[in-house]
Structure formats: C-alpha cells, structure tokens
Amino acid sequence: LLRAQASAPKPLLPKLPQQPRARISSVASPSPLPERVSPEAIKKRQPKPDSWKDSRVTYRGGLYRSKGRSLFGRLMGRWRGTTIDLNHDFRLWHRHEEASRHVRLWLESLFLSQTLQRLIFPDLTIVAAVSAGIVAYNQQLLHAAMEHSAELAAKVASETALQVTMLPGMIALPTEPFSLSGFALGLLVTFRTQNCHGRYVEARILWGTLVNVSRDIASRILCTVPPTSAANLALREKGMRLIRSFPRSIKYHLTVDGFNEEIDIQGCAEVHILEKKDACYRDELAHIWNEKDAYGPAGLAPGMSAAGVVPDLDFPNRLLRKRVRSRPLWIVHELGEVTAAIRDSGAAGPIEVSILDNRILEYNNVLGAMERIMRTPIYTPYTNHTGRFLALWCYALPAAMYPVLGPWGTIPASVLIAYMMFGIEDIGSRIECPWFSLPMWQYADTICDGVVQMREQDAEKLRAQWGGSTADTICDGVVQMREQDAEKLRAQWGVLDAAAAAAQLAEPPRTVESSAALYALARATAGDDQKA
C-alpha cells in the first residue's frame, strides 16, 4: 500500500501568485534567531564594579587587550585600562562628599589609581631613570673630587640632606626656564583637557537626550495608536522593540566590543572581531525579539485573534546582514516606516504622526552628533605639540631638581611632579573619545526598562478595559457576545445557515454597515475566522 501511494502520480497544484510584502507585517514567520539568552547571562558579560570601589568600573577589555602578541604587550594591555563612572545613587553621592575623601584618596586608593597604573610605564619609568642617571653621574663626580680634596670632603660631610655641592661638569639646569615655560605648558594642557571634558559632557547630554526621546516616542505610540485591531497591536509592539533595540545598536556602533569583557580581540583580524561582536549583539536582540507578548489574550479586544500580534521576528536577521553599515540608522528608518504605517492605516491623526516624525528626527540628530564625536578628534597637531612639550619638560625636570633638592629629593620630586603633569594630560586623552568612558550599557538598560514599564502599564490598562484580568474571563465574554450577535443577525436576515445566506445575498448591499454584518454573520455560522 505504501509503495502504491509512493508510485501514484501526485496532482499538480497551480502556482499561486506571490503577494508583495507589506511594509509592516502583522504575522511573521518563525524566527531563526537563537534561543533567548537570559538577562543574567547578558549581565555577566558586562563590566563589573571594582571590588574596592563599587561606584566605578576599571575596564580592561576591547582595545586595551590589543597591545601586541608579545608577552610584554599583553601584560601592558591587561595593566592599562580606563575608569568608567557608574550611575550614582544617594549612597554613592554621600560617599563622594565625605569629609575624609582626600585622606582616603592618598592612603587607600593611590596605588589602585588607574591613572598611576597607566603612567607607570613608560612615562614615569623614563623620568625615574633619567633622575637616577643624573644623580648617579653627579654623585660619581662628587666622590671623585672628594678623594683629592679633604676640605671638600669635610664640607660635604657637614651638609644636610637637601644641601648639595655643585662642581663643574655636573648635569644641572637653572630653574628659570622651567618657571617661564611651565605657565605656557599649563595653559596648553588645561585647554586640551577642558576641550576633552566638553566632549565628555556633550556625549552624556546626547545619551540623556536619547533616553528622553525614547521614552517620549514609546509613550506617544502607546497613547496614540488604539489597540482596536491586531494590526495596530503589531505596530505598537514593533515600535516598542525597535526603541529597545536602538540603544543596543548605538553601544555596539560606537565601541569595538560593545563592553563585552569576554570578547578577546588580541591578534584577531577585523572580520573575526566583527563576528564576535555580532554574536553578542545577536544574543541581546534575541532577548528583545524572542520574548513573549506583554499583552496576552487578556489584553485583546473582544473577538480579536492573538495570532496577528506576533512581531516581525525576522527583523534582527535583516539588521545583522553584512551589507548594513549603520545599524542604528537602519532602526531609525524602520521606526519611520512604523509611523508611515500608522498614518496609512488611519490609526492616528496627521498631527500625532507629525509629532512622532519630529521625535524620530531627534534620533537622527543624536546619532549624527555621536558619530561626529567618534570620528573627529581634537586637532591632532595641537595634541601632538602639547605631548612633545610636556614630555620634554618632564624628562628634563630632574636636571633642574638636582641643584635644588640634592640626590635624595631629585628622584621622588621629579616623579611626583611628572605624575601630576602627565596625569592631567592622560585624563584628557581618555575622555577625548568619551564612548570608552561612559557606562553605555547602563544607559541602554535604562531605556529598555522604561519602555518595558510603559508597555506593562499599557497592557494592564487594556486588561482592565476589556473587563477581565484572565484569558478565560475574556474568552467567555467573547463567546457570549458572538452568540448574541449571531441571533440578532439571523433575526435580521431571516436565515439560519451560511448556505442560505449566500443564496439570499447574491446582490449584497454596498454599505459599510451591511459589509460588517455580512462578515459577522459568516463568522458566526462558519465558526472560524479563516473560513469566514
């Protein structure tokens, strides 16, 4: 029997014409995304607060790992990092303003300071080596002269630790050139650091604008588009998920690893780095797009099918294609299509749609400003000239310190002053590109949490509006209303079945009310939306 069925000719089915893909699909195909990653697994990839100070993160991932393939280069990459201040609360602000903060900074956290760790090699090491060389050379000349002069030896023996005897041939410089040039150097370094801090403040303002605009767009979509149909609910749901995906795309767009510490880019080609970053980004998108709908059956209008509320699950796959160069721009364009679909469907008026378009335009402005900061450094000749001036000044400083402080004070004083001067310049260089110094993963979580809160609040409101908090209550009400509607239509049209209705209504009235009545009658008699 099986052989006969297999050998029997199969009937040829006519090829159905392909329907053009709609702009916003309310029913999506099964998503090929990976399994949803738990929020705990995603948070484990994020930078962890320091064990000795939970108000900040010392991030040593990303570019700080790509210091070469040698052992020394890898050690320096692990040693050097950047400090990221986390979002502060009342407790952290109280600790930030403690009266003993200055003592604590010197006694507890000096050797744990990221600035000191970044400057130990090579800058402070060179200054210490130059200081030690000058002290050793000058002391050698002094001891050689003391062997031939008892008077000089007695004079040196009577001197204190900070007194020094200068002889011809010793390495020494007057302090006047350093006093005159120190003022100009201070202006150069301070001016550059202020500009870098201005870029840091602007970046934080842009993220604040992004948070506010995201909340406003989500609130306007939920309040403007009525949940009266499955198509409207699909538009609302897609808009919410696009807003949650936008800050994630910004985080990966502006950094090399998206602040995922598990991504190791040492010795990796650019293609492999992008693959690792896309894998982490795909996991975060799967967490957003594979989750269950927040509304559920209890949040649907009576008679509405939940099958049409499935969001566009294929969107992450289209977003992660290699030919998409700017993924945040892709998401902004998708949001524009959502507003266009809202306008075309008549779900919102032209004024509301115009306001949504203006808010999405702010998305574009924020994205452009972020890319401008990322791609445009402070004028590099100015930065290079300041760096040369500072390095020469600090490296020559021990020669001026020796006649003043002697052999015992030259090395610590030179290293300390160089640490202060190089530290100011290093802090400015770290915040010149502020995207590596801001907790962007926290800002993205803030946006997502706000959208989820408004989404759940809206779902709770819909459940209360449709007269129940559980699916069973809603379904019972739908069944009852359908039976009442069917009885009313049977009495109105004088028919009891779908066949008689089809025979009687060969010439259907061309009015909106009669069309709705016909569809309701067909649905009541057929018992299934697809058959109706």
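- Residues Arg244 and Ile447 have side chains not in contact (no heavy-atom distance under 4.5 Å, counting atoms from C-beta outward).
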Q | Intermediate values then yes/no, side chain to side chain contact (heavy atoms under 4.5 Å, CB included), Ile250 and Leu254 | A | CA-CA 6 Å; Ile250 288 287; Leu254 298 177; 3.8 Å; yes
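- Residues Pro227 and Asn232 fail the side-chain proximity criterion, which asks for heavy atoms closer than 4.5 Å.
- At least one donor-acceptor pair under 3.5 Å links the side chain of Asn358 to the backbone N or O of Ser354.
- Note that CD1 of Ile243 and SG of Cys448 are 10.5 Å apart. Values are rounded to the nearest 0.5 Å.
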Q: Evaluate the criterion side chain to side chain donor-acceptor pair (under 3.5 Å) for residue pair Asn384 and Tyr379; output intermediate values, then yes/no.
A: CA-CA 9 Å; Asn384 297 337; Tyr379 191 50; over 6 Å; no
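- Minimum interatomic distance between Thr255 and Gly258 (heavy atoms only, all atoms of both residues): OG1-N, 2.9 Å.
- Below 30°, between 30° and 60°, or above 60°: for His385 and Phe389 the angle between ring planes is between 30° and 60°, a tilted geometry.
- Applying the salt bridge (Lys or Arg N to Asp or Glu O under 4.0 Å) test to every pair with at least one member in residues 433-448, sequence neighbours left out, gives these pairs: Arg248-Asp445.
- Salt-bridge formation is detected for the pair Arg241/Glu237: a Lys NZ or Arg NE/NH1/NH2 atom is positioned less than 4.0 Å from an Asp or Glu carboxylate oxygen.
- Judged as a ring-ring contact (aromatic ring centres under 6.0 Å, His included), and not counting sequence neighbours, His197 has no contacts.
- Judged purely by distance below 3.5 Å, without hydrogens or angles, the side chains of Tyr363 and Ser214 pair a donor atom with an acceptor atom.
- For Arg327, the salt bridge (Lys or Arg N to Asp or Glu O under 4.0 Å) partners are Asp278, not counting sequence neighbours.
- Judged purely by atom type and a 3.5 angstrom limit, Ser219 has no side-chain atom pairing as donor or acceptor with the backbone of Arg215.
- Side-chain N or O atoms of Gln114 include none that pairs as donor or acceptor with a backbone N or O of Thr58 at under 3.5 Å.
- Here the shortest heavy-atom pairing between Pro226 and Ala347 reads CD-O, 3.1 Å.
- Here the side chain of Arg101 pairs a donor or acceptor atom with the backbone of Glu98 at under 3.5 angstrom.
- The shortest distance between side-chain heavy atoms of Cys394 and Asp123 does not fall below 4.5 Å.
- Residues forming a salt bridge (Lys or Arg N to Asp or Glu O under 4.0 Å) with Arg325 (at least two apart in sequence, or on another chain): none.
- The cationic group of Arg204 lies under 6.0 Å from the six-membered ring centre of Tyr443 and within 45° of the ring axis, placing it in a cation-pi geometry.
- Two residues are said to be in side-chain contact when any heavy atoms from C-beta on lie closer than 4.5 Å; Met370 and Trp435 meet this criterion.
- A donor-acceptor pair under 3.5 Å is formed between the side chain of Asn138 and the backbone N or O of Ile171.
- Contact check for Ile205 versus Thr209: side-chain heavy atoms found under the 4.5 Å cut-off.
- When atom types are taken as modelled, the side chain of Thr224 and the backbone of Ile221 share no donor-acceptor pair closer than 3.5 angstrom.
- At distances below 3.5 Å, not a single donor-acceptor pair connects side-chain atoms of Arg56 with backbone N or O atoms of Leu86.
- When every heavy atom of Ala218 is checked against every heavy atom of Met454, the shortest pair comes out as CB-CE, 3.6 Å.
- Counted within 6.0 Å of CD1 on Ile351, heavy atoms from surrounding residues, nucleotides or ligands total 12 or fewer; the atom is thus considered open.
- Asp426 is linked by a salt bridge (Lys or Arg N to Asp or Glu O under 4.0 Å) to Arg118, Arg430, counting only residues two or more places apart in sequence or in another chain.
- Looking at residues two or more places apart in sequence or on another chain, you find a side-chain hydrogen bond (donor to acceptor under 3.5 Å, both in side chains) between Tyr252 and Asn260, Glu284.
- Between His333 and Trp330, the distance from one ring center to the other does not fall under 6.0 angstrom.
- When side chains are defined from C-beta on, Val57 does not count as touching Thr83, because their heavy atoms never get closer than 4.5 Å.
- When the salt bridge (Lys or Arg N to Asp or Glu O under 4.0 Å) test is applied to Glu460, no partner is found at least two apart in sequence or on another chain.
- Checked by atom type and distance alone, the side chain of Arg455 never pairs as donor or acceptor with a backbone atom of Met240 at under 3.5 Å.
- Under the 3.5 Å distance criterion, with hydrogens and angles disregarded, a donor-acceptor pair is assigned to the side chains of Tyr402 and Gln139.
- Every residue meeting the ring-ring contact (aromatic ring centres under 6.0 Å, His included) condition with Tyr382, not counting sequence neighbours, appears here in chain and number order: Phe191.
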Q. Could you go step by step and tell me if Thr339 and Leu335 meet the side chain to side chain contact (heavy atoms under 4.5 Å, CB included) rule?
A. CA-CA 6 Å; Thr339 58; Leu335 275 173; 5.8 Å; no
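- With sequence neighbours left out, the side-chain contact (heavy atoms from CB on, under 4.5 Å) criterion links Thr190 to Gln194.
- Between Arg45 and Cys280, the closest heavy-atom pair is NH1-CA, 3.8 Å.
- Salt bridge Arg282/Glu275: absent, no basic N to carboxylate O contact under 4.0 Å.
- Checking side-chain atoms of Lys322 against main-chain N and O of Leu320 turns up no donor-acceptor pair under 3.5 Å.
- Judged as a salt bridge (Lys or Arg N to Asp or Glu O under 4.0 Å), the pairs with a partner in residues 359-369 (not counting sequence neighbours) are, in order, Asp216-Arg359, Arg359-Glu362.
- From Arg372, atom CZ reaches atom CZ of Arg375 across 12.0 Å, with rounding to the nearest 0.5 Å.
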Q. Step by step, would you call Val127 with Leu397 a side chain to side chain contact (heavy atoms under 4.5 Å, CB included)?
A. CA-CA 8 Å; Val127 173; Leu397 182 63; over 6 Å; no
Q.
With side chain to side chain contact (heavy atoms under 4.5 Å, CB included) as the criterion, how do Met421 and Leu390 come out once you've worked through the C-alpha distance, each side chain's angles and the decisive distance to 0.1 Å?
A. CA-CA 8 Å; Met421 298 298 292; Leu390 178 62; 3.7 Å; yes
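- Not a single donor-acceptor pair under 3.5 Å links the side chain of His102 to the backbone N or O of Ser100.
- Put simply, the side chain of Tyr281 does not reach to within 4.5 Å of the side chain of Pro316, judged on heavy atoms.
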Expected list for residues 404-419: side-chain donor-acceptor pairs under 3.5 angstrom, two or more places apart:
residue, atom, partner, partner atom, Å
Thr410, OG1, Gly406, O, 2.4
Ser414, OG, Thr410, O, 2.7

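- Taking CG from Asp458 and CD from Gln453, the interatomic distance works out to 12.5 Å, rounded to the nearest 0.5 Å.
- In plain terms, the two heavy atoms of Ala399 and Ile134 that are nearest each other are N-CD1, 3.6 Å.
- Here the closest heavy-atom approach between residue Asn87 and residue Pro439 is recorded as OD1-CG, 4.3 Å.
- Considering only heavy atoms from C-beta on, Val366 stays 4.5 Å or farther from Val213 through its side chain.
- Pairs of residues two or more places apart, or lying in two chains, that qualify as salt bridge (Lys or Arg N to Asp or Glu O under 4.0 Å) and include a residue from residues 174-198 are Arg192-Glu425, Arg192-Glu432.
- Ring pair Trp289/Phe315 is tilted by interplanar angle, where 30° to 60° counts as tilted.
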